[in-house]
Each structure stands twice: as structure tokens, then as C-alpha cells.
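Chain letters run A, B, ... following the sequence lines, proteins first, then strands; residues in each count from 1.
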Amino acid sequence: MHNINYIRENPTEFDNAMKLRGEKSISTKILEIDKVKRETQTVLQNILSERNKLSKEIGNLKSKNKDANEQISKVEELKIKINSLKELENIKENELNSILIRLPNIPHKSVPNGKDESDNLLYREWGSKPEFSFSPKLHYEIGENIGLINFEYATKLSGSRFVTLKNQISKLERSISNFMLDKHTEENGYVEYSVPFLVKKESLFGTGQLPKFGEDLFTAGDDHWLIPTAEVPLTNLVRNEILNINQLPMRSTSYTPCFRSEAGAAGKDTRGMLRQHQFTKVELVSVVEPHQSDDELERMLTCAESILKDLNIHYRVMTLCNGDMGFSAKKTYDIEVWLPGEGKYREISSCSNCGDFQARRMNARYKNEDKNFFVHTLNGSGLAVGRTLIAILENYQMEDGNVEIPEVLIKYFNNKTLL
RNA sequence: GGAGAGAUGGCUGAGCGGUUGAAAGCACCGGUCUUGAAAACCGGCAACGGGGCAACUCGUUCGUGAGUUCGAAUCUCACUCUCUCCGCCA
């Protein structure tokens, strides 16, 4: 949600920022509505003030048993005006809001220009592509060969874009998530939460999924929606709160399933378990003071990277261009892991600074020296567990079809070193 | 699912239809005292919006939305949520 004051004062900058994100110039329209709204408000408030005065007079007169008919009939006249002005104010307010809630965040000045993922910039990379003395297989070949990844079962149960994992691979998934949570809670300063996987509209509005992106979500009837990421419950923890400054920065993490309809991805990544309707993820969320959010994004990125470093898997970090960023993001880094079987880098984490964009939607503030300010919110995957599993299978595969267990996971895997 | 109770400021909690934006306590901020801290005492302290360079001023807000009234935290209706008891149940 945008600050109307910013648009009033910087209409050209605002339009330019929206243009970068593929929106039309709209500040003129916004300011026109805003002007009418405020003018209406001023007139209305003067009349209300007059009514309040008269009502007090009436109270005084009546308590002294004097006649107040003159004042009463005056107020009755005012009431007609009040009603029509209120109606106009409401209409304008709604018009304004329905525009503002659908506009994406303004990109950070450091975000590169571009229209899609081909314009993203390499930020840094770590490690190098592993060498194989044989031709490395794809994750689903490895898993299906040993009978531990099964798509037919999942299709029978639930249709396309689901998977069943079995035995050691299922256990490996569990080991990965435990490792990630321990790392983030014990070393990276995040507090673990168990959160609901069903949330209401209001929460999805707060983080920006609604009202524009409802088709990407699954519903469970009434006002219950399946979370597409733990960003939604974790970030909404501070919705409608006024935090004390000493509660910041607030860093939280949660391991949850995520549900996405993948509405726009027909035919994309249909083989394997890369793109599923359901997957698990360890999410990181930070709530910070405005001046901290730039640094916090770098910190969060480092925390996410620390997982892949510990797993010793090669990756690169991309700075997303403004055309490729999500709705609520001001700046986003993607971590792309190297998948030898596929011979491609694939997104395994996305870390975003949302500035005060979500905070305004959620009305999440903190108190500093007696004044209230909107917090800044950040979120990042730390990491997508299913894709980490894929990365381990492909990077740690051996010629005989077995897979080594990365050193840091061994203790989570009953001290076994092979799958 | 059945029965009952409730929703007030950052929190707890008062509140006859007319200076109630709202008592009191806690928390927080400032001050006195103290070598320092604590305690004690004194003072301050809701949010959002409109107008104004500003001092300031006006409006709205007591779960949400309608209604009654000249005037609603206070009355009426609907909805949402929370709690207690019963039933069912991991």
C-alpha cells in the first residue's frame, strides 16, 4: 500500500516507479480523487462541528428545562447535508483505495532495470560446479530408480503436481528441515514459530497476495486459505500492532507446507518435483526499523546462503530486475542452486525487502520517542526444502545410483552416510 | 453442534444517552532524591485523518456494519471473534 502523501509530493517519481513495474501513469487520477475527497471532508467536518455545537446547546437548554426547538430544527437541516457529504466521501475513499491496493511496491534505487528474468544481474556466486566421472542424472531419475520417489501414487491421490516420498528420502526431507531450523534458531538469531497453515483473507491482504493474486492460491472454504508461504502467517504476527522499539529487530522462522495453484505455469516444469502444488519450506521473516532494512536484507541473504555453504553446494545470487520482482518487494535477491542433472541454476530461495509496503497494509507500527512509525518487513526462504532435496540428490549422487549424505546432515540422518 | 458470558487506550480495567477521548492501575517517557541503581514522590503519555508555515484547531474512532436520537462507549438489530460449561473428538 502506498503513502498518499508521497504521491502528493512526488507524482512524477511515483509514475516513473510504476512504469518500471509495468503500470500506467496514474498519479493524476489518484490526486484528482484525493482532492475531491479532501475538499468534501473539509466541508463535511465544518458542518459536523456546527452540529456538535448545537447539540451541546440543546443539552444545556434541556437540562435547564428551556425550549430548544429552534436548535433542533437547525440540526435536522444539517443532517441532510451531512448524509450526502458522507456518501460522497465514502465513494471517493473507496475509489482511491481500490487503486492504491492494487499497485506494486516502488523498487529500491539499487534495483536494476529490466523486464524479465533475463535482465537479472549476478550479485555473487559461491563454490563451483562439481565434476562427475559419469553423466549425472536428474533428481527424479535417481529417486525413481531406487523406488523412493513416486509420482504415480501422488497422481492417484491428488492429481498432477504432487509427489510421494518414501523411506530414506522422506527421512532426508525431515533431516534437511531440522538442520535448517537448528541453524537459523541457534546461529542466525531467528525465533521458531509453529503457525497455522490456513489463514483468512485479511492476512493475505496484509502481505499482498490479495486482492490481485487470488488465482494463485488454494481455498478451504469459508474464509480459510492455504498459505502459499509461511511469510503470510509470520509477517501477519505484527498486523495491527504497535511494537515497542526494543522488540525490534524481530526475526522469526517457521517450517511449513506451502500450497500454490501454479495457475500461470501450465506446461512448465511438469517432470519431477521442482514445481508442485504442495511443498515444504523454512521461511525467514524480519521486522525492523526503516533505517535497518537495507542491511537486514543483506543479513537475511547471508543466513539463507549459510545453509547451502554448510551443505557445500554451488550456487549463485541474482539481483532481480524491477520487472521480475514480486508485488510487495522493494528489492529481491534470488539464490539459484546448481543442479548438475539438469545442468541449470534453479531458484531455491528468494529474499525480499518490502520496506513499509506490507506494514501499511497491515497497519504494523512501532513506537519511537512517543511517535508511531510503520515497520519495515522482509522475508526470505531459508530454504525451500523440496528443492534442497533435489539439489542434494543431484549434487551428491554417485555412479552406482546411491547418494551421499552431506556431512552436516549425517547427525540428523541417524549417522548414516549414504541414502 | 447445544447453553451462557463478554469484546473499552501498549496491557489490565471503570464507565447514569448530553465537557467521557473516556476513571484507576500497570507499562513507558521526563523530573526530584541517590555516588549509581532501585524504591518513593511529582509531571507527562491513545490512534487516524482534515485545515494551518506554526502555536494550534477541527473531525472520526470504545470488536465490525447498519439503525434509533437534536446528541450513542452507553439503546436496537445483524455479523465477527473470545471465554466458560455440555456434547463430539486428534
Side-chain angles (χ1 to χ4, degrees), chain A residues 1-9 30-101 194-206 210 219-225 233 236-248 250 257 287 289 356-375:
Chain A
M1 186 85 118
H2 292 286
N3 181 357
I4 184 75
N5 278 321
Y6 176 83
I7 305 176
R8 275 179 206 150
E9 283 158 28
I30 290 174
L31 294 180
E32 203 181 286
I33 300 169
D34 178 55
K35 191 174 165 230
V36 176
K37 191 200 108 186
R38 281 194 293 167
E39 283 169 356
T40 310
Q41 224 169 351
T42 306
V43 178
L44 172 65
Q45 289 181 357
N46 287 337
I47 298 178
L48 285 173
S49 166
E50 207 177 319
R51 182 204 63 185
N52 291 346
K53 272 184 207 139
L54 285 168
S55 287
K56 271 183 191 166
E57 273 180 46
I58 294 167
N60 272 329
L61 289 170
K62 288 212 164 176
S63 67
K64 291 173 191 154
N65 272 324
K66 287 185 184 165
D67 175 68
N69 284 336
E70 192 189 330
Q71 284 78 357
I72 290 178
S73 66
K74 267 192 199 165
V75 173
E76 269 165 352
E77 271 173 51
L78 292 180
K79 268 174 95 173
I80 301 165
K81 284 192 202 163
I82 289 172
N83 285 337
S84 66
L85 285 168
K86 267 190 184 165
E87 204 178 320
L88 181 61
E89 192 200 8
N90 264 332
I91 290 170
K92 290 297 156 188
E93 177 118 44
N94 290 339
E95 268 180 54
L96 191 60
N97 265 337
S98 72
I99 294 173
L100 291 179
I101 62 176
S194 277
V195 294
F197 307 149
L198 296 176
V199 294
K200 44 188 180 181
K201 265 195 220 84
E202 228 179 320
S203 300
L204 289 157
F205 176 84
L210 290 178
T219 334
D222 300 327
D223 190 15
H224 286 142
W225 301 66
N236 275 280
L237 290 175
V238 298
R239 191 177 73 216
N240 283 328
E241 299 280 334
I242 299 179
L243 302 166
N244 197 308
I245 189 166
N246 59 30
Q247 291 175 266
L248 303 177
M250 186 183 273
V287 177
E289 290 178 67
D356 64 6
F357 187 81
Q358 295 179 321
R360 286 179 185 278
R361 295 180 150 248
M362 295 190 299
N363 199 23
R365 294 158 294 168
Y366 73 102
K367 197 176 274 296
N368 186 12
E369 285 172 3
D370 262 8
K371 287 178 80 178
N372 295 330
F373 301 92
F374 288 110
V375 295

For A:L61 and A:Q71, run side chain to side chain contact (heavy atoms under 4.5 Å, CB included): C-alpha distance rounded to whole Å, both residues' side-chain angles, the deciding distance at 0.1 Å, then the answer. CA-CA 10 Å; A:L61 289 170; A:Q71 284 78 357; 3.8 Å; yes
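- No side-chain heavy atom of A:V375 sits less than 4.5 Å from a side-chain heavy atom of A:D356.
- Between the CD atom of A:E241 and the P atom of B:rG10 there is a distance of 10 Å, given to the nearest Å.
- In this structure, A:I245 atom CD1 and B:rG10 atom P are separated by 17 Å, rounded to whole Å.
- For the C1' atoms, the distance linking B:rU60 with B:rU20 amounts to 16 Å, nearest Å.
- B:rA38 and B:rG50 have their C1' atoms separated by 46 Å, with the value rounded to a whole Å.
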Any protein N or O atoms within reach of nucleotides 47-49 of chain B? Criterion: under 3.5 Å, listing atom names and distances.
from	atom 1	to	atom 2	distance (Å)
B:rA47	OP1	A:K367	NZ	3.4
B:rA47	OP1	A:N372	ND2	3.4
B:rA47	O3'	A:R365	NH1	2.8
B:rC48	OP1	A:R365	NH1	3.3
B:rG49	O2'	A:Q41	NE2	3.0
B:rG49	N2	A:Q45	OE1	3.3
B:rG49	N2	A:Q45	NE2	3.4

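- The interatomic distance linking A:E39 (CD) with B:rG59 (C1') rounds to 17 Å, in whole Å.
- For RNA chain B, the stems formed by at least three consecutive Watson-Crick or G-U pairs, with both atom-pair distances below 3.5 Å, span B:1-7 with B:80-86, B:10-12 with B:24-26, B:28-32 with B:40-44, B:46-51 with B:56-61, B:63-67 with B:75-79.
- Between the side chain of A:R239 and the backbone N or O of A:A364 there is no donor-acceptor pair closer than 3.5 Å.
- Nucleotides B:rA46 and B:rC42 have their C1' atoms positioned 23 Å apart, rounded to a whole Å.
- Of the residues listed (A:V238, A:N368, A:V287), the one engaging A:L248 in a side-chain contact (heavy atoms from CB on, under 4.5 Å) is A:V287, and it is the only one.
- Atom C1' of nucleotide B:rU19 and atom CG of A:N60 are separated by 9 Å, given to the nearest angstrom.
- Residue pairs meeting the side-chain hydrogen bond (donor to acceptor under 3.5 Å, both in side chains) criterion with at least one member in residues 72-84 of chain A, sequence neighbours excluded, do not occur.
- Qualifying side chain to side chain contact (heavy atoms under 4.5 Å, CB included) partners for A:E95, counting only residues two or more places apart in sequence or in other chains: A:I33, A:I91, A:K92.
- Atom CG of A:N244 is separated from atom P of B:rG10 by 13 Å (rounded to the nearest Å).
- In terms of the salt bridge (charged side-chain N to carboxylate O under 4.0 Å, His left out) criterion, residue partners of A:D34 (sequence neighbours excluded) are, by chain and number, A:R8, A:R38.
- For A:D223, the side chain to side chain donor-acceptor pair (under 3.5 Å) criterion is met by A:W225, not counting sequence neighbours.
- Straight-line distance from the CG atom of A:N368 to the P atom of B:rC45: 19 Å, rounded to whole Å.
- Between the NZ atom of A:K35 and the C1' atom of B:rG51 there is a distance of 15 Å, given to the nearest Å.
- For the side chain to side chain donor-acceptor pair (under 3.5 Å) test, no residue two or more places apart in sequence or in another chain qualifies with A:K37.
- Side-chain atoms of A:S55 come within 3.5 Å of backbone N or O of A:R51 as a donor-acceptor pair.
- Every side chain to side chain donor-acceptor pair (under 3.5 Å) that A:N363 has, sequence neighbours left out, goes to A:R365.
- With C1' as the reference atom, B:rG15 and B:rA22 are 8 Å apart, rounded to whole Å.
- B:rC62 and B:rU57 have their C1' atoms separated by 24 Å, with the value rounded to a whole Å.
- With C1' as the reference atom, B:rG17 and B:rC89 are 47 Å apart, rounded to whole Å.
- The two residues A:T40 and A:V36 come nearest to each other via the heavy atoms OG1-O, 2.6 Å.
- The distance from atom CD of A:Q247 to atom P of B:rA27 is 16 Å, rounded to the nearest whole Å.
- Comparing A:K53 and A:D34 against RNA chain B, the residue whose closest nucleotide sits nearer the 5' end is A:D34.
- Judged as a side chain to side chain donor-acceptor pair (under 3.5 Å), and not counting sequence neighbours, the contacts of A:E89 are A:Q41.
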Reading nucleotides 62-74 of chain B from 5' to 3' and marking B where a protein heavy atom lies under 4.0 Å of the base, S where only the sugar-phosphate is that close, and - otherwise, the string is --------BS---
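- The residue A:N52 sits close only to the backbone: its heavy atoms come under 4.0 Å of sugar-phosphate atoms, none of a base.
- Nucleotides B:rC48 and B:rC41, compared at atom C1', are 35 Å apart to the nearest Å.
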Which pairs, protein N/O on one side and nucleotides 52-54 of chain B N/O on the other, fall under 3.5 Å?
none

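- The ring pair (Phe, Tyr, Trp, His ring centres under 6.0 Å) check on A:F373 picks up A:Y366, with sequence neighbours excluded.
- Between A:N236 and A:E202, the shortest heavy-atom distance links the atoms OD1-O, 4.3 Å.
- Spacing between B:rU34 and B:rC28 at atom C1', rounded to whole Å, works out to 22 Å.
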